[in-house]
Amino acid sequence: MQLIPSLYIVPTPIGNLGDITRRAVEVLGMVDLIAAEDTRHSAILLNHLDIKASLFALHDHNEQQKADVLIAKVKQGLSVALISDAGTPLISDPGYHLVTRCREAGVRVVPLPGPCAAITALSAAGLPTDRFAFEGFLPAKEKARDDKLTELLGETRTLVFYEAPRRLLDTMAAIARLYGERQVVVARELTKTFETIHSLPATDMLTWLGEDDNRCRGEIVLMLAGARPDPDALPPEALRTLALLQKELPLKKAAALTAEIHGVKKNALYKEGLARGLDCSDEE
Ligand code: SAM
């Protein structure tokens, strides 16, 4: 089999070296060049797979600049694979600029499916998976992290974060403070010897993690149940209509018309209008 000159996106194991697809091994064995985040780290995997390849360093700090070199190589007829230290490239890992530039330059990008810590964790968490929001790493600074967590309070999809072990306890304290009894799942060291997947309400999770340092060690995916949708919440479109109509009409009339247009309760709209401080001085 001969490879068509392309950029191949190749996921690698997130712990257990057995978790690599046959196709990934095949492609890594055939490409002319493998772009890797940390070439020394990837050399261990390639050695294990008995693959002798030329490695090319591509990381956050040189990606923009090296993208042109790799694109030129594919255009010359070479095949290039992109791997990261673990899991799927581009998922909280380098590769976004390279892939964007390849697509702009008309270079074929071939994605291979494979391991990803977020998806692996979700598949065993016992939280709804029909819709979820992957948030990557939370900001490192306390205020920015708390702002982000506050912004996500109303998110109804399951939330998935990557978290560094040294920050887990502090982050969990913030989550317990803001989210209270919301269900949290901590998935640690997936596919490895000390794999643990633990589920508790946020406040209990904080206590549980604090009881034993080992519970915060290793690689971690943190998941939160989404907010329960409020059955009485007014649809955002209705609130926009109300605000628009209210500019021209007294609140009572604006609420009645909005209720008719959107099929929601007039009283709820009227109360919302009052709560938002809409002027009702010209009420009839
Ligand atoms: N690209 C990778 C992927 O597809 O999952 C993620 C790379 S990101 C730099 C590394 C983070 O992924 C870790 O800090 C941790 O949050 C998560 N992670 C990676 N491997 C893991 C594992 N075996 N168990 C739990 N989390 C893991």
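All figures in this text were calculated on a predicted structure; none of them were measured in a lab. As the structure lists them, so they are numbered: ligands from 1, and atoms in each ligand from 1.
Heavy atoms from other residues, nucleotides or ligands lying under 6.0 Å from CD of E181 number more than 12.
Minimum interatomic distance between L7 and C102 (heavy atoms only, all atoms of both residues): CD2-SG, 3.9 Å. Nearest heavy-atom pair across M205 and H198 is CE-O, 3.2 Å. Closest heavy-atom contact between C116 and T88: CB-OG1, 3.7 Å.
With a 4.5 Å cut-off on side-chain heavy atoms, R215 and R188 do not count as touching.
The protein non-hydrogen atom at the shortest distance from atom 8 (S) of ligand 1 is S92 O, 3.6 Å. If you check which protein heavy atom lies closest to atom 20 (N) of ligand 1, you get E219 OE1, 3.4 Å. Protein heavy atom in closest approach to atom 24 (N) of ligand 1: L190 N, 2.9 Å. In terms of protein heavy atoms, atom 10 (C) of ligand 1 is closest to F137 CZ, 4.1 Å.
When non-hydrogen atoms are compared, ligand 1 lies under 4.0 Å from the side chain of D93 (C-beta onward) but not from its backbone.
For the residues A121, A117, A118, G218, the heavy atom positioned nearest atom 18 (N) of ligand 1 is part of A117.
For K192, no nitrogen or oxygen atom sits less than 3.5 Å from a nitrogen or oxygen atom of ligand 1, counting backbone and side chain alike. Residue I14 places at least one N or O, backbone or side chain, under 3.5 Å from an N or O of ligand 1. Ligand 1 has an N or O atom lying under 3.5 Å from an N or O atom of Y162, backbone or side chain. Distances between N or O atoms of A187 and those of ligand 1 include no value under 3.5 Å.
For the pair R101 and D68, the salt-bridge criterion is met [side-chain N within less than 4.0 Å of a carboxylate O]. Looking at K148 and E135, a side-chain N of the basic residue comes within less than 4.0 Å of a carboxylate O on the acidic one, giving a salt bridge.
With ligand atoms numbered from 1 in the order given, ligand 1 contributes 16 (O) to contacts under 4.0 Å with heavy atoms of E163. Short contacts between ligand 1 and C116, defined as distances under 4.0 Å to a heavy atom of the residue, involve ligand atoms 4 (O), 5 (O). Remark: ligand 1 atoms within the under-4.0 Å shell around heavy atoms of I220 are 15 (C), 16 (O), 25 (C), 26 (N). Near G87, meaning under 4.0 Å from any of its heavy atoms, are these atoms of ligand 1: 3 (C), 4 (O). The A86 neighbourhood of ligand 1 comprises atoms 1 (N), 2 (C), with distances under 4.0 Å to a heavy atom of that residue. The ligand atoms of ligand 1 that sit less than 4.0 angstrom from a heavy atom of V221 are 25 (C), 26 (N). Each of the following atoms of ligand 1 lies closer than 4.0 Å to a heavy atom of T88: 1 (N), 3 (C), 4 (O).
Taking CD of E163 as the reference point, atom SG of C216 lies at 10.0 Å (rounded to 0.5 Å). Rounding to the nearest 0.5 Å gives a distance of 7.0 Å between CG of N62 and CZ of F56.
For the 3.5 Å distance criterion, the side chains of E37 and S42 fail to qualify, holding no donor opposite an acceptor.
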